[in-house]
Amino acid sequence: MRKPIIAGNWKMNKSRDEALQFIYNVNMKVPSSEFVDSVVCAQSPILRDLVKRQGDSLRVGAQTMHYLDNGAFTGEISAPLLESIGVTYVVLGHSERRAYYNETDTDVNKKIHQAFRYGLTPILCVGESLEIREAGTTDPYIKDQVVAALKGLGTEQIKALVIAYEPIWAIGTGKTATSEMANDTIRAIRGVVKGLYNDETAEAMRIQYGGSVKPANIDELLSMSDIDGALVGGASLDAESFLALVNAAVKK
Ligand code: PGA
């Protein structure tokens with residue numbers, strides 16, 4: 001059985017005070033990590049503050065990271081620094097990073113290797129544009145993204161990795177993929193991993209859906225066979241809404 005994982009992706013939102021208030025509001029109420037992994041991914045300058053207050057069942061993630069340990073990369077964030085402040089997750093290859101900061105599949109692959117070197121759990125994002133969905137080429141497109149991102153990883157790393165399938169047209173638009181559509185693509189991703197590795201590895205790996213997930217649609221999404229959780233932007237900003245999402249995952 002795969003443990004569900006709900007990750008809030010706050011993007012470039014929340015002041016330090018708002019983030020600390022959120023942690024204060026959810027901390028005692030987040031369900032045990034025995035049943036669901038609950039994560040919030042925040043802006044870098046407040047990660048340490050959040051880690052200090054994360055409690056037993058909440059974990060903190062970064063939203064991006066460089067693939068090298070250090071160097072002349074103004075504005076970047078290193079894996080050793082994230083590790084040293086107690087961050088445990090990192091979102092990699094989010095479609096906004098790919099679109100606005102030219103993050104390529106090759107970069108994402110290097111970043112995943114780097115995350116594992118420093119004990120961080122990568123949340124690898126993949127997803128197609130509306131044009132690709134409408135052209136009917138979603139599966140081969142996602143396959144290419146997955147194959148490139150996972151290059152050189154071992155089976156234990158694949159089992160530890162989290163993939164977030166996020167159709168770009170569903171992010172922040174209020175348009176959710178139907179649960180069947182999301183499940184079909186997620187099954188296809190699992191199929192790719194089966195082909196690259198083996199059944200056991202693919203069955204152990206957790207795959208989230210992301211794109212306009214909210215308390216009103218989480219139950220249906222999580223009722224699907226292959227959807228193991230969600231990567232949530234807008235609906236993760238509010239404490240009550242985040243709690244509703246993680247509580248829904250406990251029932252899966
Ligand atoms: P959304 O964002 O939930 O606001 O659609 C999801 C994401 O970008 O991870």
Side-chain angles (χ1 to χ4, degrees), residues 4-14 18-19 22 26 36-44 47 50 58-65 87-103 108 111-112 115 120-130 132-133 138 141-142 145-146 149 161-179 181-183 185-186 189 206-222 224 227-249:
I5 173 164
I6 304 291
N9 174 14
W10 288 351
K11 309 190 180 183
M12 200 172 71
N13 293 295
K14 284 197 189 297
E18 287 165 350
F22 178 101
V26 304
V36 55
D37 284 327
S38 306
V39 185
V40 287
C41 301
Q43 297 184 68
S44 326
L47 291 173
L50 301 185
L58 188 67
R59 287 295 169 266
V60 174
Q63 299 173 6
T64 185
M65 187 199 82
V87 167
T88 40
Y89 287 85
V90 58
V91 176
L92 295 174
H94 190 281
S95 57
E96 287 151 18
R97 300 293 313 175
R98 293 179 192 255
Y100 308 141
Y101 305 98
N102 306 318
E103 202 163 286
V108 173
K111 290 178 183 204
I112 294 175
L120 301 163
T121 300
I123 300 178
L124 158 67
C125 302
V126 295
E128 81 288 2
S129 64
L130 190 58
I132 292 169
R133 172 61 68 178
T138 297
Y141 179 82
I142 302 273
Q145 281 189 322
V146 170
L161 178 87
V162 178
I163 295 185
Y165 165 58
E166 299 202 306
I168 296 167
W169 46 272
I171 295 177
T173 56
K175 277 189 216 160
T176 325
T178 64
S179 43
M181 200 190 273
N183 199 52
T185 306
I186 288 176
I189 293 171
R206 295 181 293 178
I207 310 181
Q208 302 171 307
Y209 167 76
S212 299
V213 175
K214 42 189 181 281
N217 59 24
I218 186 89
D219 286 335
E220 199 193 325
L221 287 161
L222 291 181
M224 305 306 290
I227 304 183
D228 303 319
L231 181 60
V232 189
S236 73
L237 292 169
D238 174 71
E240 289 310 313
S241 165
F242 180 77
L243 286 171
L245 297 167
V246 292
N247 281 316

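These values consider heavy atoms only, across backbone and side chains, with no hydrogens, waters or symmetry-generated copies. Counting starts at 1 for both ligands and their atoms, in listed order.
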Sequence neighbours left out, cut at 3.5 Å: what donor-acceptor pairs do the side chains of residues 207-221 make with other protein atoms?
| unit_1 | atom_1 | unit_2 | atom_2 | d |
| --- | --- | --- | --- | --- |
| Q208 | NE2 | I5 | O | 3.0 |
| Q208 | NE2 | A230 | O | 3.1 |
| Y209 | OH | A177 | N | 3.1 |
| Y209 | OH | G211 | O | 2.9 |
| S212 | OG | A170 | O | 2.7 |
| S212 | OG | G174 | N | 2.8 |
| N217 | OD1 | K214 | N | 2.8 |
| N217 | ND2 | T176 | OG1 | 3.3 |
| N217 | ND2 | S212 | O | 3.0 |
| E220 | OE2 | S179 | OG | 2.5 |

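- With sequence neighbours excluded, the residues that form a side-chain contact (heavy atoms from CB on, under 4.5 Å) with L237 are W10, N13, K14.
- Of all heavy-atom pairs between C41 and V91, the closest is SG-CG2, 3.7 Å.
- Protein residues lining ligand 1, listed by chain and number: N9, K11, H94, E166, A170, I171, G172, G211, S212, L231, V232, G233, G234 [non-hydrogen atoms, distance under 4.0 Å].
- The minimum heavy-atom distance linking F242 with S38 is given by the pair CZ-CB, 4.3 Å.
- Of all heavy-atom pairs between L47 and A42, the closest is CD2-O, 3.7 Å.
- For residues 228-238, the pairs satisfying salt bridge (charged side-chain N to carboxylate O under 4.0 Å, His left out) are R2-D228, R190-D228, with sequence neighbours left out.
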